[in-house]
Amino acid sequence: MQMDDILGDGGILKEVVQHGEGPPVPQNASVLIHYSAYLEYSNQPFETNADLKHPRMMKLGRDVTLVGLELALLTMQKGEFSRFLLQPQYAYGDLGCPPFIPAAAVVLYEVQIIDYLDSGKVDDFVSLSPEEQNTAPLSTVLEVASTLRNFGNRCFNQSRYVNAKDRYKQATMLLGNMEKQSDLEKERIRAALLLLYLNLSLTELRLDRPHKALKYGNKALEIDSANTKALFRCGQAYLELCEYESAQACLITAQAKKPFDCDINNLLKKVAMCYKDSLVKEKDFYSKMFGDLSNPVKE
């Protein structure tokens with residue numbers, strides 16, 4: 001097995017099994033990885049998350065605390081799969097970690113980088129004072145907001161909707177606090193906010209909070225009144241609120257923009273059926289009520 005000495009002291013050896021692409025993992029990033037850790041000469045891992053479909057994102061220096069693993073990750077690219085042989089000084093030291101890790105153990109890690117986010121930039125920006133944040137370059141704020149949105153998307157895809165909502169809201173607050181100067185800057189902020197409001201609307205629907213979903217859908221429509229995703233989200237929220245006429249109005253407007261969209265057309269059919277059922281129930285209710293009034297009970 002041919003392995004490269006990544007530090008020059010023999011402490012961490014690396015074998016690339018599958019190359020990745022793009023820049024390497026930056027300092028203080030948050031990584032999404034599959035990994036398995038083996039003791040030397042063992043075929044069974046003492047720790048692994050390779051069986052998880054949605055592993056949690058881990059921050060270097062906080063969730064990844066093994067110094068050798070952190071240094072190894074900093075050499076990797078997105079999509080890369082590599083093996084790392086860690087000497088004790090870069091693993092669990094001379095004492096090990098009884099009862100699972102013996103003293104002076106050499107450890108083999110197999111790691112695949114699924115994705116990473118440069119959360120170090122987010123941490124640095126959030127640590128600034130409000131005045132410093134407001135005067136930061138717009139490009140920096142947009143990059144931080146984009147990273148937070150990507151964080152939210154990761155949480156959303158793992159059905160961690162509360163965490164996703166918190167990330168999206170944090171990004172909207174940062175953008176909302178920006179001191180807007182030129183029309184171009186305003187437009188770039190509005191474009192970033194539009195994506196966040198659409199994501200927030202969908203997330204609130206997943207959390208069964210249609211009133212809030214409607215609020216964010218309308219905020220998106222304030223930016224782009226013809227946005228079909230925003231109209232669709234509002235239609236979904238109105239349906240959950242049993243406001244069928246408003247749901248129809250939103251969806252018909254969306255359908256005019258995208259007449260062959262299956263999601264829009266199917267939801268329109270559902271709204272029409274629910275509206276019809278509600279009218280029938282309402283008619284039956286009043287029929288019974290007035291019927292009882294016209295036929296008073298005889299004593």
Side-chain angles (χ1 to χ4, degrees), residues 1-128 139-140 143-144 146-148 150-151 154-155 158:
M1 178 174 62
Q2 182 64 41
M3 304 188 84
D4 297 322
D5 183 352
I6 68 173
L7 297 178
D9 63 357
I12 304 176
L13 302 180
K14 176 180 181 179
E15 177 195 14
V16 178
V17 179
Q18 176 182 306
H19 290 279
E21 58 183 10
V25 174
Q27 292 279 350
N28 300 317
S30 293
V31 295
L32 199 64
I33 63 174
H34 276 138
Y35 71 91
S36 297
Y38 301 83
L39 294 175
E40 197 171 21
Y41 309 120
S42 173
N43 292 324
Q44 293 297 319
F46 64 83
E47 184 181 16
T48 184
N49 74 346
D51 57 336
L52 296 180
K53 183 178 180 181
H54 297 299
R56 69 186 183 92
M57 189 159 270
M58 299 187 294
K59 185 167 178 58
L60 300 185
R62 185 185 68 196
D63 304 311
V64 180
T65 56
L66 198 69
V67 61
L69 179 58
E70 183 170 359
L71 291 169
L73 289 169
L74 292 172
T75 72
M76 298 185 72
Q77 300 169 293
K78 189 179 297 185
E80 180 181 329
F81 177 71
S82 290
R83 295 189 180 98
F84 297 92
L85 196 65
L86 310 183
Q87 295 301 312
Q89 67 269 31
Y90 291 103
Y92 295 93
D94 292 335
L95 298 178
C97 189
F100 302 106
I101 314 296
V106 176
V107 178
L108 176 71
Y109 269 89
E110 294 184 340
V111 185
Q112 181 176 23
I113 296 278
I114 302 169
D115 199 1
Y116 67 80
L117 295 171
D118 193 354
S119 55
K121 287 187 177 180
V122 175
D123 297 335
D124 292 342
F125 187 83
V126 171
S127 68
L128 298 175
S139 58
T140 299
E143 185 177 358
V144 169
S146 178
T147 300
L148 285 169
N150 288 332
F151 259 116
R154 285 290 176 191
C155 294
Q158 295 175 7

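Just so you know, these numbers use all the heavy atoms, side chains as well, and skip hydrogens, waters and symmetry mates.
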Among all residues two or more places apart in sequence or in another chain, which pass the salt bridge (Lys or Arg N to Asp or Glu O under 4.0 Å) test with Glu47?
-> none
On a heavy-atom basis, the closest approach of Glu15 and Met3 is N-CE, 3.7 Å
Atom pair CD/CD1 of Glu70 and Ile12 - distance to nearest 0.5 Å = 10.0 Å
What are the two closest non-hydrogen atoms of Pro26 and Leu74, and how far apart are they?
-> O-CD2, 3.5 Å
Side-chain heavy-atom pair Leu69, Val107 within 4.5 angstrom cut-off = no
From Glu110 atom CD to Thr48 atom OG1, the distance as rounded to the nearest 0.5 Å | 8.5 Å
Return all side-chain donor-acceptor pairs below 3.5 angstrom for residues 94-102, not counting sequence neighbours, or 'none' if the list is empty.
none

Once you round to the nearest 0.5 Å, how far does OH of Tyr90 lie from CZ of Phe84?
-> 14.0 Å
Which atom of Ala105 lies closest to which atom of Ala91, heavy atoms considered = O-CB, 4.4 Å
Could you tell me which non-hydrogen atom of Asp9 sits nearest to which non-hydrogen atom of Gly11, and how far apart they are?
-> OD1-N, 2.9 Å
Taken to the nearest 0.5 Å, the spacing of Asp5 CG from Leu7 CG works out to 6.5 Å
Hey, are the side chains of Gln77 and Ile113 touching, using non-hydrogen atoms and a 4.5 Å cut-off?
-> no
Testing Leu73, Val16, Asp4 for side-chain contact (heavy atoms from CB on, under 4.5 Å) with Ser82, which one passes?
-> Val16
Per-pair distances, 0.1 Å, donor-acceptor, side chain in residues 57-66, under 3.5 Å, sequence neighbours excluded:
from	atom 1	to	atom 2	distance (Å)
Lys59	NZ	Asn28	O	2.6
Lys59	NZ	Ser119	OG	3.1
Lys59	NZ	Asp123	OD2	2.7
Asp63	OD2	Lys59	N	2.8

Which distance, rounded to the nearest 0.5 Å, do you find between the NE2 of His34 and the CD1 of Ile114?
-> 4.0 Å
Heavy-atom closest contact (Ile6 atom, Ala72 atom, distance) = CD1-CA, 4.3 Å
Partners of Glu143 by side-chain hydrogen bond (donor to acceptor under 3.5 Å, both in side chains), sequence neighbours excluded?
-> Lys121
Begin with the C-alpha distance, continue with both residues' side-chain angles, and end with the deciding distance and a verdict on side-chain contact (heavy atoms from CB on, under 4.5 Å) for Asp115 and Arg154.
-> CA-CA 10 Å; Asp115 199 1; Arg154 285 290 176 191; 2.4 Å; yes
side-chain hydrogen bond (donor to acceptor under 3.5 Å, both in side chains) against Thr75, all qualifying residues, sequence neighbours excluded | Lys14
Those residues that, when tested against Thr140, pass side-chain hydrogen bond (donor to acceptor under 3.5 Å, both in side chains) (two or more places apart) = none
Spacing of CZ belonging to Phe46 relative to CG belonging to Leu39, to within rounding of 0.5 Å = 5.5 Å
Could you check whether the rings of Tyr109 and Tyr35 sit parallel, tilted or perpendicular, using 30° and 60° as the cut-offs?
-> tilted
Within the side chain of Gln18, is there an N or O that forms a donor-acceptor pair under 3.5 Å with the backbone of Gly79?
-> yes
Check against side-chain contact (heavy atoms from CB on, under 4.5 Å), Leu108 and Glu40 | CA-CA 7 Å; Leu108 176 71; Glu40 197 171 21; over 6 Å; no
